[in-house]
There are 2 protein chains.
Amino acid sequence: MNRPDKFKLDDSATNPADTDRAQVQKTQITFDAPAEREKQPDRISIREVAREAGVSVATVSMVMNNNPRISRATHLRVRKMIERLGYQPNRMAQSLSGRYTQSLAVMLPPLRHAFADAYFGEILSGIADRAGKLGHKLLLEQAKPQFIREGKHLELFERRFVDGVLCLGFNEKHHFLQDFCAKEFPAVIVDNRLSHTPCDFVVCDYRLGAQQAMNCLLQLGHRNIGLIYAAPESCTAREVADVYLTRLQEADSPTDATRRHDGCFTDEGGAAAAEQILAAHPDTTALFCGNDKMALGALRYLTSAGKRVPQDVSVIGCDDIQHLAYVSPSLTTIHLPLYELGVLACDKLIERIRGKSEHIAETLPTHLVLRESTGIVPTRSAESP
Amino acid sequence: MNRPDKFKLDDSATNPADTDRAQVQKTQITFDAPAEREKQPDRISIREVAREAGVSVATVSMVMNNNPRISRATHLRVRKMIERLGYQPNRMAQSLSGRYTQSLAVMLPPLRHAFADAYFGEILSGIADRAGKLGHKLLLEQAKPQFIREGKHLELFERRFVDGVLCLGFNEKHHFLQDFCAKEFPAVIVDNRLSHTPCDFVVCDYRLGAQQAMNCLLQLGHRNIGLIYAAPESCTAREVADVYLTRLQEADSPTDATRRHDGCFTDEGGAAAAEQILAAHPDTTALFCGNDKMALGALRYLTSAGKRVPQDVSVIGCDDIQHLAYVSPSLTTIHLPLYELGVLACDKLIERIRGKSEHIAETLPTHLVLRESTGIVPTRSAESP
DNA sequence: TTAACATAGTTAAACAGTTTAACAAATCGT
DNA sequence: ACGATTTGTTAAACTGTTTAACTATGTTAA
């Protein structure tokens, strides 16, 4: 059948006027272009194979699935025919019949450049590799406000698009995450954790990462350390801030609130935050940044403000984005195992889908990558030019 | 049914030993954990709706699809029941029964950081927005060698995973593109064109872009212009090189082969290429780079080599990657309408899927974005310090 | 010898929709 | 008042695969 705008109808169905117009169109088309069902003779189904091999469709199905109920002889005979006809099972039919769709959704936040982000990209690489290896397809979704408002994130399960979803770049503020939890749909939050909901998650050890960063700076003699954070509502950001404050207190160092600033995870935000912190506290000798992009921004601001890195101010980032190893000065940073996190998230999600019921809560360790943007604290004499 | 490693079997079926071991496992599991089919009472189907509304399933289906054969009264009554029961059609059943899956695949090249690339990200944004609006889901695939070797790109169609595929970042060298063409599977090559195969494509007007870049440089007085290109086998790269050479010849300017160099689309490649060109031709006053990443690399090399940009050497890029507006000096570049290209590719692909048969060959115009990395050619006196 | 048991395969009923031929009822023209 | 047309609805036949239940055939064990 020729039904050219059927799915368009579905989309605009909320608007009655639209619907009516479309209905008229459809009627006309039905009259103008009479049904011309083109049989695709090339697409062969399990029935063809069964007929040609002289067995029942059930037997062919069992051969496809290596069911031991089928004798070696029959198995081979049917396999040969499958080969010859080039038969490949229709995945839609398999999914309809079976319990699983063998696909997962990846949800990204509604940022303008979510698909071009090195952080997401690295996690996604891990997910894609693993999912591919385990025979799962990947659906890409962006959690735009309208998408959530219309409940499309739940539709993903309710209409059986996917078996599970991986959520990247979300935090407590994103209430839709709880919907998955409430309906017991398999979902894993990647690189964050929700404090009041028992959602499944895999996360980098941000507490450890912050310790490593602070260790590094304190050992180099820094005491006046600024913090450029982002998404303060998220658990991981709170942990970083917590470690930052604790370590400063232990070192009898200043912890004024004006020494920390939100950098919104962006380059420009990082630059602006650095400016604010340096303006309020010219004695700052080191900046600890919540991600590499903000660190890059800070670096840019410092350079443009005539401060030398690391001679005047040290900068340490977090993420270990590939190409920041090559900027000048190259960035000291906390390496997050993002690829591995993606792999792990995928593994755990699939386990959960297959029926494992334990709560997923995995943490992966970070490590320090020492490069050029950090150095020993400037001596007091050199401090006032 | 509990069939935990069924799909694992599928994967490893090529290895007989593996298969045997798995068969044993499967048998054991079947015995150990007897079938425990949990009925999901919440999931309601079209049949429930029909029963509750006192009509046939056909009527409900027709209501869902706004078929005008159904009277206003029945339509409303059934809609109400659909609403009340929260019925949502199972997409797998729809796809099996209908002609379309309402999903598209996006194929990316097998680069390590394909998912984190600003160029792909921008196109992908356009695709995702458009596909979402038209009710299509997006499958993400990476064209790894093994993937192609196993024919998984054709499986995408043959097993009815998707209705069409969008190919990003490929060129003539990627022979699998022709497979789509040969089998008449709907596929659109995005931002490139194949010279000897009538594959569908949408592309930026690289010839125009190159004209704009060369105009800019020539008007600023530059005559000794280097070219950093990439993927010389691709049509678009050849067009750029062609325009570059033609314009230089018209201006009686040097066109030595050593004034152009492959930068592999990467930051580091761009830096290395710049170094090569400057070494061979210290008189070079401008570099035209095939993309922004290579331009950034060139910028970095020039700065590190003590050349000032744009006072000593001008640099012009191509792509107009967002955050390069903020580097210092900010990058003059050719803006490619990548988002719009994604939208267009999606539109055209869906038209093709719905039966339109004209060859797809669309070109979108580019424009110059003048920023700080280009300037007037240095005077001869200043040329030799 | 017969009941009990594997083995290897078949049948038919799911899965959840869409499509269409057929039919009944209402409207219309003569 | 009767046949023709229009309108609304339905039953049945698809889509392609899986699987529970069943059958036929040969082996053993009592």
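The chains referred to below are lettered A, B, ... by the order of the sequence lines, with proteins before strands, and numbering in each begins at 1. Here the structure is a predicted model, which is why all the values come from computation and not from measurement.
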J.: Using whole Å, what does the distance between atom P of nucleotide D/dT17 and atom CZ of B/F161 come to?
T.: 12 Å

J.: With no hydrogens and no angle check, is any side-chain donor or acceptor of A/R47 less than 3.5 Å from a backbone partner on A/V57?
T.: no

J.: I'd like to know if the side chain of A/E150 reaches the main chain of A/F147, judged simply by a donor and an acceptor atom lying under 3.5 Å from each other, with no hydrogens or angles considered.
T.: no

J.: For the pair made of NE2 in B/H75 and C1' in D/dT9, what is the distance, rounded to whole Å?
T.: 15 Å

J.: State whether the side chain of B/D163 and the backbone N or O of B/Q102 hold a donor-acceptor pair below 3.5 Å, judged by distance alone.
T.: yes

J.: Measure the distance from CD on B/E158 to P on D/dT17 and round it to the nearest whole Å.
T.: 13 Å

J.: What integer distance in Å separates B/I70:CD1 from D/dT10:P?
T.: 8 Å

J.: Can you find a donor-acceptor N/O pair under 3.5 angstrom joining the side chain of A/S97 to the base of D/dT17?
T.: yes

J.: Whole angstrom is fine here: how far is it from CD in B/Q94 over to C1' in C/dT18?
T.: 9 Å

J.: Quick one: is D/dT10 close enough that its OP1 or OP2 comes under 4.0 Å of any side-chain N or O from B/T59?
T.: yes

J.: Looking at A/L134, A/L349, A/V162, which hits side-chain contact (heavy atoms from CB on, under 4.5 Å) with A/L104?
T.: A/L349

J.: Would you classify A/S61 as touching base, sugar-phosphate or nothing, given that sugar-phosphate means primed atoms plus P, OP1 and OP2, and contacts are heavy atoms under 4.0 Å?
T.: base

J.: Measuring to OP1 and OP2 of C/dA16, would you say a side-chain N or O of B/Y87 lies under 4.0 angstrom away?
T.: no

J.: Would you tabulate the nitrogen or oxygen pairs shorter than 3.5 Å linking the protein to nucleotides 21-25 of chain C?
T.:
unit_1	atom_1	unit_2	atom_2	d
C/dA22	N6	B/R69	NH2	3.4

J.: Is a donor on one side and an acceptor on the other found under 3.5 Å between the side chain of A/N90 and the backbone of A/M92?
T.: yes

J.: Check this one for me: any side-chain N or O of B/S71 less than 4.0 Å away from OP1 or OP2 of D/dT9?
T.: yes

J.: For the pair B/N67 (side chain) and B/R69 (backbone), establish whether a donor and an acceptor sit closer than 3.5 Å, ignoring hydrogens and angles.
T.: yes

J.: Taking only side-chain nitrogens and oxygens of B/T74, does any of them come within less than 4.0 Å of OP1 or OP2 of D/dT9?
T.: yes

J.: Check if the side chain of B/R47 and the base of C/dA16 share a donor-acceptor pair of N or O atoms closer than 3.5 Å.
T.: yes

J.: Under 4.0 Å: is that the gap between some side-chain N or O of B/Y100 and OP1 or OP2 of D/dT15?
T.: no

J.: Roughly how many Å is it from CG in B/N67 to P in C/dG17, rounded to a whole number?
T.: 17 Å

J.: Holding to ring-ring contact (aromatic ring centres under 6.0 Å, His included), I want the full list of residues that pass it with B/F180, two or more places apart in sequence or in another chain.
T.: B/H153, B/F157

J.: Specify the separation, in whole Å, of atom CZ of A/R43 and atom P of D/dG16.
T.: 9 Å

J.: List for me each residue that meets salt bridge (charged side-chain N to carboxylate O under 4.0 Å, His left out) alongside A/R84, sequence neighbours excluded, and say none if there are none.
T.: none

J.: Within less than 4.0 Å of OP1 or OP2 of C/dT18, is there a side-chain N or O belonging to B/N65?
T.: yes

J.: Starting at CG of A/N90 and ending at C1' of C/dG17, how long is that distance when rounded to a whole Å?
T.: 14 Å

J.: Pick base, sugar-phosphate or nothing for B/E48, based on heavy-atom distances below 4.0 Å to the nucleic acid.
T.: nothing

